[in-house]
Amino acid sequence: MKKFGWGIVTGVAGTLAGVIGAGKLFHTIAIKPIEEEEAKFEATELRGARKAGNSHTPR
């Protein structure tokens, strides 16, 4: 019975490690590039708005 309990503990620990690893991998592959693209878009939009405001002001 002792080996069975140890096997359950090992199996649960391995499963949790796999789920955590898959979550981190998904975040790195799918979510992080989208966040970086949105940040780049916002910076470009802000820069463009600043240029447009400067070019259409009377002197």
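Note that this is a predicted model, so its numbers are computed, not measured.
Cluster partners of Ile34, using a side-chain heavy-atom cutoff of under 4.5 Å among ILVMFWY residues and allowing indirect links: none. Within the hydrophobic cluster formed by Ile, Leu, Val, Met, Phe, Trp and Tyr side chains joined at under 4.5 Å, directly or through other members, Val9 stands alone, with no partner residue. Annotation for Ile31: hydrophobic cluster partners, listed by chain and number, are Phe26 (ILVMFWY side-chain heavy atoms under 4.5 Å, direct or chained).
Applying the side-chain contact (heavy atoms from CB on, under 4.5 Å) test between Val12 and each of Thr10, Thr15, Leu16 identifies Leu16 as the sole match.
Rounded to the nearest 0.5 Å, atoms CD (Glu37) and NZ (Lys32) are 15.0 Å apart.
Residues meeting the side chain to side chain contact (heavy atoms under 4.5 Å, CB included) test with Leu46, sequence neighbours left out: Arg50.
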